[in-house]
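Everything below concerns the one structure shown next.
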Protein chains: 2
Amino acid sequence: MASAGEPSPASALGTLRIATVNVNGIRAAYKRGMAEWLAGRDIDILCLQEVRAPDKIVRELLGDDWHILHAEAEAKGRAGVAIASRQEPVAVREHIGEEYFATSGRWVEADFKVPVDGEEKLLTVVSAYVHSGEAGTPKQEDKYRFLDVMAARLPVLAATSDYALIVGDLNVGHTTLDIKNWKGNVKRAGFLPEERAYFDRFLGEEIGYVDVARKLAGEVAGPYTWWSWRGQAFDNDAGWRIDYHMATPGLAERAVHAVVDRAATYDARFSDHAPVVVDYQF
Amino acid sequence: MASAGEPSPASALGTLRIATVNVNGIRAAYKRGMAEWLAGRDIDILCLQEVRAPDKIVRELLGDDWHILHAEAEAKGRAGVAIASRQEPVAVREHIGEEYFATSGRWVEADFKVPVDGEEKLLTVVSAYVHSGEAGTPKQEDKYRFLDVMAARLPVLAATSDYALIVGDLNVGHTTLDIKNWKGNVKRAGFLPEERAYFDRFLGEEIGYVDVARKLAGEVAGPYTWWSWRGQAFDNDAGWRIDYHMATPGLAERAVHAVVDRAATYDARFSDHAPVVVDYQF
DNA sequence: CATGGTAAG
DNA sequence: CTTATCATG
């Protein structure tokens with residue numbers, strides 16, 4: 001912070017910490033210690049998926065210190081995405097733009113002003129929750145339909161905002177590094193070749209976003225972000241990396257640190273997903 | 001027990017301990033310590049209501065040391081009554097006899113042989129679960145219809161068996177002694193004048209059964225057998241006495257001790273109802 | 001305020 | 001294996 005009496009430079013923002021986590025029911029997450037995690041993390045923009053609660057309850061749980069954008073699903077107790085931010089967004093959009101998904105609670109966009117080299121720039125943050133899908137069922141058709149709309153939306157955001165960031169539970173592992181037991185899952189929703197091809201496009205030359213956590217971690221197995229509740233999946237780290245920060249290149253260059261809060265949640269695992277927390281330097 | 005080598009007198013049964021409890025889901029009850037209660041109680045005949053589980057699971061939970069008579073409701077997870085006994089019944093009937101209630105899981109009868117003064121006598125035990133009802137709704141009509149059938153069945157059992165005993169969750173408080181806050185409940189199902197009138201008949205000259213726990217406790221408030229989960233009802237003993245042993249007079253005379261296992265379950269309350277345990281001397 | 005079944009993950 | 005909803009108590 002600039003000291004009192006001196007003019008503050010427009011580029012004084014410093015680090016912007018953005019976190020995403022599928023909470024799998026925010027009420028259950030709070031019962032399991034989500035508030036304690038949040039209190040220790042100093043997050044600027046918190047993106048949530050599978051909120052699964054009425055708006056009133058979400059606001060009660062998060063408290064008054066946040067600006068909250070929350071898109072409920074029409075079906076009670078299903079899906080629901082939110083963006084909670086310390087700074088007030090300058091604009092918000094409550095769904096992905098296609099009528100079919102208007103009340104699905106799977107996509108919200110918030111635009112923030114960020115100062116860069118003395119100029120105000122626009123940062124667009126999306127909290128996304130892609131369908132989990134189920135191979136060979138109508139659920140999988142909905143997933144592909146959503147991914148199609150995403151594929152159309154991503155270039156628009158990249159073109160109209162200075163910095164665009166899609167975070168959330170995208171329910172697809174991109175490469176064999178992203179799933180512990182990938183061989184056993186090539187025919188299962190979440191690692192189907194058709195799904196992975198979408199991510200080749202999102203993260204390749206065609207659309208051009210950057211997988212921030214992968215870029216910062218390098219070509220290693222994981223770090224996973226989801227583990228089944230069943231059996232010993234979590235203890236054995238038999239996980240999937242399906243929660244992402246996908247950033248336009250100019251934003252990805254500003255990412256200085258990425259971490260999956262697995263360790264922090266080992267004793268108080270508040271969801272089957274772990275938060276992915278990234279610091280962006282401005 | 002008679003010692004080895006000597007002929008055992010036909011009247012050597014001694015005490016027959018009969019317990020009734022609405023378990024409100026036998027799976028939940030076992031998770032909350034029902035097995036520990038049962039192990040410490042030396043019960044001969046255990047009557048259960050609201051079992052709310054498939055027969056296979058009931059048998060797994062109770063174990064192989066019981067003869068089990070179990071009438072499931074057609075609707076999965078609803079109602080369900082059972083009689084578990086150390087002695088094998090000589091006959092069983094799986095419902096109250098009226099077709100409308102045939103698959104409701106609310107009534108089972110078991111006949112046991114008991115030795116009395118050198119003769120084999122017949123003891124009929126019923127585990128009953130009367131509808132909870134709801135004033136002014138079709139549920140209340142079903143409750144009255146069931147009570148009507150009961151009013152017809154009780155004299156038949158009294159006439160055809162040497163000792164008849166109806167135990168279970170009858171979902172009606174008979175007198176003002178039977179509900180802590182009776183004034184606040186005169187218009188609520190469970191203490192409606194029309195319902196109480198049925199119990200005047202069951203327990204009066206017309207039908208002639210005896211309310212065993214009331215007879216042994218005397219004219220005191222309680223002892224209650226059910227407390228709402230809500231608020232501090234249990235801690236404040238704001239309960240209802242709706243679980244009964246209703247015995248024909250000859251059997252009621254053999255009841256030497258009755259207790260509601262509230263204290264025993266204070267630390268491990270395994271249901272919203274407490275067991276009513278009565279010792280009958282033969 | 002608890003139960004189990006259900007659809008969904 | 002967990003979530004929330006639902007009807008029921």
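Here is the naming used below: chain letters follow the sequence lines, and residue numbers restart at 1 for every chain.
When ring centroids are compared, W37(A) and F270(A) come within the 6.0 Å threshold. Residues F101(B) and H131(B) bring their aromatic ring centres within 6.0 Å.
Rounded to whole Å, the distance from NZ on K31(A) to P on dT3(D) is 8 Å. In this structure, W226(A) places its CH2 atom 10 Å from C1' of dC1(D), rounding to the nearest Å. Atom-to-atom, CZ of R27(A) to P of dT2(D) comes out at 18 Å; the value is rounded to the nearest Å. Atom pair E72(A):CD and dT5(D):C1' shows a separation of 14 Å (rounding to whole Å applied). D142(B) has its CG atom 11 Å from the P atom of dT8(D), to the nearest Å. To the nearest angstrom, P of dT3(D) lies 14 Å from CZ of R230(A). R78(A) places its CZ atom 9 Å from the P atom of dC6(D), with the value rounded to the nearest Å. Following rounding to the nearest Å, Q49(A) (CD) and dT3(D) (C1') show an atom-to-atom distance of 16 Å.
Within the 4.0 Å cut-off from OP1 or OP2 of dT3(D), at least one side-chain nitrogen or oxygen of R32(A) is found. Proximity of R269(A) to the phosphate of dC1(D): no side-chain N or O atom is located under 4.0 Å from OP1 or OP2.
Nearest-nucleotide positions on DNA chain D place S228(A) closer to the 5' end than the other of V51(A) and S228(A). A residue-by-residue look at N171(B) and A29(A) shows that A29(A) has its nearest nucleotide of DNA chain D further toward the 5' end.
Remark: V259(A) engages R41(A), H257(A), D261(A), V277(A) in a side chain to side chain contact (heavy atoms under 4.5 Å, CB included) (not counting sequence neighbours). Remark: Y244(B) engages F199(B) in a ring pair (Phe, Tyr, Trp, His ring centres under 6.0 Å) (not counting sequence neighbours). Qualifying ring pair (Phe, Tyr, Trp, His ring centres under 6.0 Å) partners for W66(A), counting only residues two or more places apart in sequence or in other chains: none. In this structure, the side chain to side chain contact (heavy atoms under 4.5 Å, CB included) partners of D272(A), at least two apart in sequence or on a different chain, are N24(A), W226(A), W229(A), R269(A). With sequence neighbours excluded, no residue forms a ring pair (Phe, Tyr, Trp, His ring centres under 6.0 Å) with Y30(B).
At the heavy-atom level, E134(A) lies nowhere under 4.0 Å from the strands shown. No contact: D272(B) has no heavy atom under 4.0 Å from any strand. Counting any heavy atom pair closer than 4.0 Å across all strands shown, R106(A) reaches sugar-phosphate atoms only and no base atom.
In summary, contact between chain A and DNA chain C, defined as any nucleotide atom under 4.0 Å from a heavy atom of the protein, begins and ends at dA8(C) to dG9(C) in the 5' to 3' direction.
Distance from the side chain of W229(A) is smallest to dC1(D) among dC6(D), dA4(D), dC1(D).
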